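Below you'll find the structure I mean.
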Amino acid sequence: MSGPLLQLLRRKIEAEGPIRLDEWWQTCLYHPGHGYYATRVPLGADFITSPEISQVFGELIGLSLVQAWLDQGSPAPATLAEIGPGKGTLMADAWRALGVAPGAREALAPLALVEVSASMRSFQTNRLRGLPVRWYDTLEHAPAAGPLFLVANELLDALPIRQLVHLSGLWFERKVGISGSGHLGLMLDPRPSALGPALPACPDGSIHEISPAREIMARSIAERLVAAGGAALLIDYGDVYQGATGDTVQAVRGHKKIHDPFDLPGEVDLTSRVDFGPVVAAFRAAGCEVAGPVPQGEYLRALGIEPRTEALARNLDEAAAADLWSRSQRLVDPARMGRLFKVLGVAAPGRPLPPGFPAPDTSVPEGAAP
Ligand code: SAH
């Protein structure tokens, strides 16, 4: 096994010593010629996502964002955007749902798709043929056309992370190096990390993950919301972690977990559980309104996944209706995707949040000063 990325990374490590996990990750997933996302359309082959499970997912996201657009005064022009659109399915389903609000499609077009992968873009081009779509490399590249209404599903989990280990009161960074047997793998940087003081208190031996790339992504969305208004929905597997996150890296190929992905750069999907804490903090620091993260099951129920499934099932034969129900169940069942996946709602400062989140608790606790 000696793929081009393995050779490239090996040469770099031989020349410079162990590299940071986020650099290794960035190369594996996003190297322009040989990265995992540059060379394939992995959805379906390696993993499956909510919009690919049921059309109801994208429809409800579309309804939630169009309601946010209505609640913010039906601005025109405005921009409907998605970062990391995968096969384009969520946007196709959301676009259909926008039809319920007169004027929404006209106001929100052209749709802005932010996609780094050329192979994904060409798939999206076919899937979304006939829709008013434009592609951009980053959100910064998309022209600012009024308030932004944005969704990103399973984007943050793909962004690079760093890992640190807590030992005898100090933090040490895990880097990718070459072991005695000649294989690539994780090893500890012997120098204590300067990040230590910013990391959570936790027992010796704990592993903690941070993702500067996720915070940069949150800040770039926040900047747009602050400047122009709008709202965003970020959906991913993860939670707000108290203390250390542990090692949550997941490498997958052909729907199977790969235990040692280091000698397979560019050939396996890499994700990790999203720690929403720093993401929420980045939005709050910019002054944005934030709701959640709430479990995906609760969010989809609040938006009416059951009546929507019921309405669609009425027009189907018994087997197709049962299949549709089982797909909706998979999205909301706490034992499947309903609890592990979370939805974070964000709005521009002082603007209403998209629907689907519990109302903020404004009750005054007993005994509190009025
Ligand atoms: N949202 C889709 C696809 C999830 S897979 C779905 O739910 O089905 C991750 C997607 O994000 C892919 O399309 C990948 O090419 C894209 N992507 C990953 N990192 C990105 C980045 N930094 N900017 C834009 N797109 C990115």
Side-chain angles (χ1 to χ4, degrees), residues 49-51 54-86 88-115 124 128 131-134 136 139 142 144-156 217-218 220-222 224-236 283 288-294 296 298-305 308 331 341-357:
T49 57
S50 296
S54 173
Q55 68 178 77
V56 177
F57 185 82
E59 289 172 354
L60 293 175
I61 297 290
L63 289 176
S64 182
L65 287 176
V66 83
Q67 187 63 52
W69 174 77
L70 290 165
D71 291 344
Q72 295 196 19
S74 312
T79 303
L80 182 61
E82 182 175 6
I83 310 182
T89 308
L90 191 162
M91 196 46 101
D93 294 335
W95 177 255
R96 214 173 37 251
L98 292 194
V100 301
R105 285 182 176 160
E106 294 72 17
L108 289 159
L111 307 174
L113 299 188
V114 179
E115 175 59 73
Q124 292 154 16
L128 299 172
L131 267 57
V133 182
R134 305 258 162 82
Y136 305 97
L139 188 57
L148 176 72
F149 296 87
L150 177 139
V151 60
N153 184 57
E154 291 214 51
L155 167 73
L156 297 177
M217 183 66 82
S220 89
I221 297 168
R224 277 293 171 104
L225 296 178
V226 169
L233 294 168
L234 302 178
I235 307 145
D236 242 299
F283 281 114
C288 290
E289 314 297 327
V290 177
V294 298
Q296 172 170 298
E298 287 174 22
Y299 171 79
L300 293 176
R301 281 215 169 88
L303 289 180
I305 190 169
R308 177 65 188 144
L331 298 178
F341 281 77
K342 305 289 187 307
V343 185
L344 182 70
V346 186
R351 299 298 178 89
L353 285 151
F357 298 94

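Given the structure is predicted, the values throughout are model-derived calculations rather than measurements.
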(request) State the CD1-CD distance between Ile61 and Glu82, to the nearest 0.5 angstrom. (result) 9.5 Å
(request) Could you list the residues that satisfy side chain to side chain contact (heavy atoms under 4.5 Å, CB included) with Leu353, not counting sequence neighbours? (result) Glu289, Ala291, Ala347
Tabulate below the donor-acceptor pairs under 3.5 Å that side-chain atoms of residues 145-154 make, not counting sequence neighbours, or state none.
none

(message) Quick check: do Leu234 and Leu155 have side-chain heavy atoms less than 4.5 Å from each other?
(response) no
(request) Go through the structure and list residues passing side chain to side chain donor-acceptor pair (under 3.5 Å) with Glu298, not counting sequence neighbours. (result) none
(request) Report yes if the side chains of Pro355 and Leu303 come closer than 4.5 Å at any heavy-atom pair, otherwise no. (result) yes
(message) The criterion is side chain to side chain donor-acceptor pair (under 3.5 Å); which residues satisfy it with Thr79, sequence neighbours excluded?
(response) none
(request) List the steps and the verdict of side-chain contact (heavy atoms from CB on, under 4.5 Å) for Leu344 and Phe357. (result) CA-CA 9 Å; Leu344 182 70; Phe357 298 94; 6.0 Å; no
(message) If we ignore hydrogens and angles and just use 3.5 Å, is the side chain of Asp236 paired with the main-chain N or O of Leu156 as donor and acceptor?
(response) yes
(request) State which residues pass side chain to side chain contact (heavy atoms under 4.5 Å, CB included) with Val226; sequence neighbours excluded, sorted by chain then number. (result) Ala286, Cys288, Pro349
(request) Measure the spacing between CZ of Phe57 and CZ of Phe341 and express it to the nearest 0.5 Å. (result) 8.5 Å
Which pairs would a plain distance check flag for residues 97-115, meaning a side-chain donor or acceptor within less than 3.5 Å of a matching protein atom at least two apart in sequence or in another chain?
| unit_1 | atom_1 | unit_2 | atom_2 | d |
| --- | --- | --- | --- | --- |
| Arg105 | NE | Trp95 | O | 3.1 |
| Arg105 | NH2 | Trp95 | O | 3.0 |
| Arg105 | NH2 | Arg96 | O | 3.3 |
| Glu115 | OE1 | Gln124 | NE2 | 2.9 |
| Glu115 | OE2 | Ser117 | N | 3.0 |

